[in-house]
Asks: 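Mind having a look at this structure? Questions to follow.
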Amino acid sequence: MTVRTCLIVDDSRIIRKVARRIVEGLGFEVDEAADGSEALAYCAATLPELVLVDWNMPVMDGLTFLRRLRALPGGDAPKVLFCTIETRADRIAEALTAGADDYVMKPFDGQILESKLSGAGVL
Amino acid sequence: MTDEDFDRLQALMASRAGYRLSRERLSLAEHRLGPVARREGFETVAAMLQSLWARPVASLGWSVIESLLNPETWFNRDRAPFQTLTRDLLPALSKARDGRRVRILSAGCSTGQEAYSVAMAALEAGAEFELSAIDLNPRAIEKARSGLYTSFEIQRGLSAAAMLRWFDQVEDQWRARAELRQRVRFDAVNLLDPPADEGRFDIIFCRHVMDDMVPAQRQQALELLEQRLVDDGCLFLGQDERLEDDSVAFRAVAGRPGLYVKSPAFVRRAA
């Protein structure tokens, strides 16, 4: 069986831990990054199947990460879901236009994340 | 709550709503009855129940019943039925109805997520349709009509793209746009009551309702759904819900979990 991989990108260790527990429960192998720049370096080496990314982070924000990921060779392939406290409709639209597959407003729970991943065709 | 109180609640739920209030829901029932007692002006749940048993079932009884129903629902639940609807049923039925709008019912619609999911799918498919939605609980119907959902509710099953397309942000909630709300007619109706009119539907969604019902009332509800469905119509139950010996009126469609059509014996029209 192929290993399904998910990269969780958030500057909060607690949020990463919560998201990790949910995504692992859905059968993914999880790695973590604390900002967009770390995440981009990770993706340049190996592309995960799924990325959950926060918007506001130090060093490199989630939107910049997403645009640069999509510009990488093969960077269209990973499903990218924003998971952020940013809830304004125009920001959500901006993220989708930049190539996000879906968008999750914090706080969220396992049921929401599972339904979003199923809708994005990951589950 | 005493054992006797719980037994009487069980009997009340079964006879009026067909709802199976199982023992493991005892603590949930106590939790939900607290706010009802406060709202209705009683010191305690016990005092409210004493008053309830002393009189015929009226508005207090219905408040209690409504609070104990299972309201759980979310957008695009199970997904597959909505694809069957837009890819197969709506194109075929639109053709067969020769210009008449396809009539759809969401039965036991709770707070409206299923009905709005149907409306969004049908609108995106460009179908001509009429959509009604009914539920026993007037509070759920009121919320469904308002089209207002919390960010927890709106995100469960609905993509951000669909959310932005069909809903407006209202402070920290999301409200269905008028163009969507106007496509659904919501009414408080008990599935155990005979249909009030002759209106028949081409497609009925009644998902995750039967599983919560006691056998006798489940059979009654199914017979009444049969009366509401045209002879060549379709019934969607939940994907994991099975009609064993509950009803001879419907038969399962092979390869489509949860999809049912009328049994030949129940087709009234001559072939």
Side-chain angles (χ1 to χ4, degrees), chain A residues 9-10 15 18-19 22-23 25-26 50-56 61-63 65-67 70 76 78-123, chain B residues 70-87 110-114 116-118 120-121 124 147-180 207-208 238-240 257-258:
Chain A
V9 194
D10 200 304
I15 297 285
V18 170
I22 295 172
V23 176
L26 298 171
L50 171 66
V51 182
L52 304 183
V53 60
D54 190 14
W55 191 306
N56 293 304
D61 66 38
L63 195 64
F65 159 77
L66 173 62
R67 290 190 171 126
R70 292 306 190 208
D76 284 342
K79 299 282 184 189
V80 178
L81 272 70
F82 269 90
C83 295
T84 164
I85 53 165
E86 186 63 68
T87 59
R88 274 170 39 208
D90 57 335
R91 303 305 295 276
I92 300 173
E94 194 180 359
L96 295 179
T97 305
D101 293 279
D102 209 337
Y103 193 104
V104 185
M105 301 178 279
K106 285 179 191 164
F108 61 90
D109 59 15
Q111 290 174 328
I112 287 173
L113 197 55
E114 187 174 354
S115 75
K116 290 276 189 180
L117 293 176
S118 145
V122 185
L123 290 182
Chain B
N70 176 6
E72 193 179 35
T73 180
W74 61 90
F75 288 99
N76 298 315
R77 185 173 186 178
D78 298 341
R79 295 203 182 265
F82 301 96
Q83 288 174 1
T84 302
L85 175 74
T86 51
R87 288 182 194 164
S110 188
T111 42
Q113 284 91 326
E114 176 181 79
Y116 286 126
S117 302
V118 169
M120 287 183 277
E124 282 166 12
L148 207 53
Y149 297 97
T150 67
S151 67
F152 266 98
E153 291 164 337
I154 196 79
Q155 295 197 90
R156 197 167 170 204
L158 197 65
S159 72
M163 180 179 85
L164 294 181
R165 164 73 183 86
W166 295 108
F167 291 78
D168 287 321
Q169 199 159 23
V170 183
E171 289 167 13
D172 56 351
Q173 299 199 85
W174 295 79
R175 185 168 196 224
R177 297 224 172 101
E179 57 182 311
L180 184 60
R207 303 182 311 141
H208 310 287
Q239 267 186 313
D240 304 321

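Chain letters run A, B, ... following the sequence lines, proteins first and then strands; every chain starts at 1.
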Asks: Would you say A:D109 has more than 12 foreign heavy atoms packed within less than 6.0 Å of its CG?
Replies: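 Enclosed: over 12 neighbouring heavy atoms sit under 6.0 Å from CG of A:D109.
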Asks: Listing request: all ring-ring contact (aromatic ring centres under 6.0 Å, His included) pairs with a residue in residues 95-123 of chain A, at least two apart in sequence or in separate chains.
Replies: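 Qualifying pairs: A:F82-A:Y103.
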Asks: Who passes side chain to side chain contact (heavy atoms under 4.5 Å, CB included) against B:L180, sequence neighbours left out?
Replies: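 B:L180 satisfies side chain to side chain contact (heavy atoms under 4.5 Å, CB included) with B:Y116, B:A119, B:M120, B:L123, B:W166, B:F167, B:A176 once adjacent residues are dropped.
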Asks: Side chain from CB out, backbone as N, CA, C, O: work out which of these in A:I92 comes under 4.5 Å of a heavy atom of chain B, or both, or neither.
Replies: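 Both backbone and side chain of A:I92 come within 4.5 Å of chain B.
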Asks: How about CZ on B:R87, more than 12 heavy atoms from neighbouring residues, nucleotides or ligands closer than 6.0 Å, or not?
Replies: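 At most 12 heavy atoms, drawn from other residues, nucleotides or ligands, come within 6.0 Å of this atom.
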Asks: With salt bridge (Lys or Arg N to Asp or Glu O under 4.0 Å) as the rule and sequence neighbours excluded, what pairs involving residues 74-86 of chain B come up?
Replies: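 Qualifying pairs: B:D78-B:R207.
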Asks: With a 4.5 Å heavy-atom cut-off (strictly below), which parts of residues 152-164 of chain B touch chain A? List them by number.
Replies: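 Under the 4.5 Å heavy-atom cut-off, B:F152, B:I154, B:Q155, B:R156, B:G157, B:L158, B:S159, B:A160, B:A161, B:M163, B:L164 qualify.
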Asks: Specify the closest pair of heavy atoms between A:T87 and B:W174, including all atoms of both residues, with the distance to one decimal.
Replies: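 Nearest heavy atoms, A:T87 then B:W174: O-CZ2, 3.9 Å.
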Asks: Side chain, backbone, both or neither: which part of A:D101 has an atom under 4.5 Å from a heavy atom of chain B?
Replies: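 For A:D101, neither part sits under 4.5 Å from chain B.
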